[in-house]
Amino acid sequence: MTNGAFLPVSQPLDLATTLHSGQAFRWRTADDGSFNCVLGRNLVRLSDVEGGVRIDSAPEPPSSLVDSVSAYLRLDDDLPAIQSMLSHDSRVAEGIAVYPGLRLLRQDPWETLASFILSSVSNIPRITRTVELIADTFGDPVSLDGMTRNTFPSPERIVEAGVEALRGLGCGYRAPYLVGTAKLVSDGGVTVAGLRGQPYADAQRALLTLPGVGEKVADCVMLFALDRLEAFPVDRWIERAITDWYLPTEKLNYAKVRALALERFGPYAGYANHYLFWQRRKIG
DNA sequence: TCCTCTCCTTGCTT
DNA sequence: AAAGCAAGGAGAG
């Protein structure tokens with residue numbers, strides 16, 4: 001065992017729910033209840049402990065990753081304050097009551113972009129499987145305490161891999177989208193990481209130039225990786241929620257839903273989105 | 001400009 | 001076990 005590092009947590013944090021909430025696809029739960037994932041080039045294990053989270057990692061020592069794990073878990077978001085701002089909405093309030101420790105994550109932009117290109121007309125188990133298969137095939141191995149997992153491959157690696165190989169891994173019609181986007185990213189045509197913190201309109205404009213990226217995928221990347229908490233991805237579930245709960249008489253389009261989200265939920269619309277998403281999925 | 005329709009792969013799920 | 005369904009996007013009309 002490694003020596004572990006302690007990340008004190010005073011915020012609400014439900015690791016199990018957060019890490020398996022469909023925003024990240026590579027977290028696994030071990031038999032001992034801990035969670036492991038490759039973050040960047042480190043294999044990281046998180047465990048719930050009294051007053052916080054225990055971090056183990058390799059090859060870099062856990063003590064050097066405390067800040068980056070804290071950032072990844074968005075512990076800088078004051079979740080109770082955000083939740084109280086959103087609780088005027090009864091549907092969101094219901095979601096908060098069921099998942100009080102459900103947080104958004106601050107993930108790697110490229111991996112998030114690739115994952116959500118693969119998400120189209122798919123489902124969470126399948127996305128998880130495909131993303132893992134891509135890492136197993138084209139990533140680099142990292143080991144921690146006898147466990148080995150692979151890094152998520154760089155855009156350059158995805159370009160080298162090519163469309164046919166990705167089709168072979170079950171990417172289907174999304175394979176050329178992923179390779180096309182990887183080309184633009186590796187050429188420096190679009191610097192995804194550089195979009196973090198950019199204004200919504202600028203980040204969106206850049207993302208929409210990428211193949212396989214429409215408004216919904218762009219919103220997922222902005223929300224889950226680029227610090228745009230006002231992003232409000234509209235997938236099938238959210239669309240049903242809006243239709244049934246908010247705008248039953250209107251003919252919806254993406255812009256209309258976004259306008260409603262911003263007006264109703266403001267700068268933290270993305271948190272409302274995530275609670276609504278899970279409330280709606282629960283109901284069907 | 002904006003809307004509607006169709007097609008695109010394949011694994012989960014019932 | 002056949003069939004519906006799945007965190008959509010692109011292109012045509």
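Reminder, nothing fancy here: chain letters follow the sequence lines and each chain counts from 1. Both backbone and side-chain heavy atoms feed into the values below; hydrogens, waters and symmetry mates do not.
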Exercise. Trp237(A) side chain: which of dT9(B), dT4(B), dA7(C) is closest?
Worked result: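 The answer is dA7(C), which lies nearest to the side chain.
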
Exercise. Between dG8(C), dA7(C), dC12(B), which nucleotide gets closest to the side-chain atoms of Val217(A)?
Worked result: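 Among the listed nucleotides, the one closest to the side chain of Val217(A) is dG8(C).
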
Assign [X] to base, sugar-phosphate, or nothing according to its heavy-atom contacts below 4.0 angstrom with the strands shown.
X: Arg280(A); result: nothing
X: Tyr254(A); result: nothing
X: Ile124(A); result: sugar-phosphate

Does a nitrogen or oxygen in the side chain of [X] sit under 4.0 Å from OP1 or OP2 of [N]?
X: Arg281(A); N: dA7(C); answer: yes
X: Asn253(A); N: dC2(B); answer: no
X: Arg167(A); N: dT9(B); answer: yes
X: Arg236(A); N: dG4(C); answer: no

Exercise. Does any residue of residues 200-212 of chain A have a heavy atom under 4.0 Å from DNA chain C, and if so, which ones, in number order?
Worked result: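 Heavy-atom contacts with DNA chain C come from Leu210(A), Pro211(A), Gly212(A).
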
Exercise. Less than 6.0 Å separating the ring centroids of Phe232(A) and Tyr254(A)?
Worked result: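 Between Tyr254(A) and Phe232(A), which both carry aromatic rings, the centre distance is not below 6.0 Å.
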
Exercise. For His274(A), which of Phe265(A), Phe224(A), Tyr268(A) qualifies under ring pair (Phe, Tyr, Trp, His ring centres under 6.0 Å)?
Worked result: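 The option that passes is Phe224(A).
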
Exercise. Going by 5.5 Å between centroids and 30° between planes, is there a stack of Phe277(A) over dA7(C)?
Worked result: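 Stacked: centres under 5.5 Å apart, planes under 30°.
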
For this session: Please confirm whether Arg280(A) makes a cation-pi placement over Trp237(A), using NZ or CZ under 6.0 Å from the six-membered ring centre and within 45° of the ring normal.
Result: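 Because its charged atom misses either the 6.0 Å distance or the 45° angle limit, Arg280(A) does not stack over Trp237(A).
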
Problem set entry | Nucleotide-level pairing of DNA chain B, given in dot-bracket where Watson-Crick and G-U pairs need both distances under 3.5 Å and | marks other strands | ..||||||.|||||

